[in-house]
Amino acid sequence: MSQEDDGFNTSGFIIYHGAMGETIIIDRFLNISRRYNDALSLDSELSPPRAPFSTRRFGQIPSIAFPADEAPDAQCVICLAPFQPGEEVKELLCHHKFHSECLEPWLRERQHCPLCRNAGS
């Protein structure tokens, strides 16, 4: 098997690491139409239930201006839109950044970072 690179490897598979330490391999060419909603469903199946993520708790996540010196092709992995320098974004404790309007619904459903699965705040 090829070496992983940000969840993908050169043989065309998506690698998911489940909450219980399991690894799931999905052929991304056969499942190319699976996107955000399918990922949410898969994540629901893999994640243990958690307490609801409150508006108050979401408000405690720091908002920052997206740094101009950050990678020019950086994007929100939830909506896939690029970040603009100076744009207000939410930064989780793991230092991953997201649009506020994208992150809040995600955390209400999942309570963890979409990238590394660390707790939301």
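Residues that satisfy the side chain to side chain donor-acceptor pair (under 3.5 Å) test with Gln75, not counting sequence neighbours, are absent from this structure.
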List the atom pairs, with distances to 0.1 Å, where a side-chain N or O of residues 61-73 and a protein N or O form a donor-acceptor pair under 3.5 Å, not counting sequence neighbours.
{"unit_1": "Ser63", "atom_1": "OG", "unit_2": "Lys90", "atom_2": "NZ", "d": "3.3"}

Review item, side-chain donor-acceptor pairs of residues 77-87, under 3.5 Å, at least two apart:
{"unit_1": "Glu87", "atom_1": "OE1", "unit_2": "Gln84", "atom_2": "N", "d": "2.9"}
{"unit_1": "Glu87", "atom_1": "OE2", "unit_2": "His99", "atom_2": "NE2", "d": "3.1"}

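Scanning both residues, Pro105 and Ser100, for their nearest heavy atoms gives CD-O, 4.5 Å.
From Lys97, atom NZ reaches atom CG of Leu115 across 11.0 Å, with rounding to the nearest 0.5 Å. Rounded to the nearest 0.5 angstrom, Leu103 CG and Glu91 CD are separated by 11.5 Å.
Using a distance-only test at 3.5 Å, with no hydrogens or angles considered, a donor-acceptor pair links the side chain of Trp106 to the main chain of His112.
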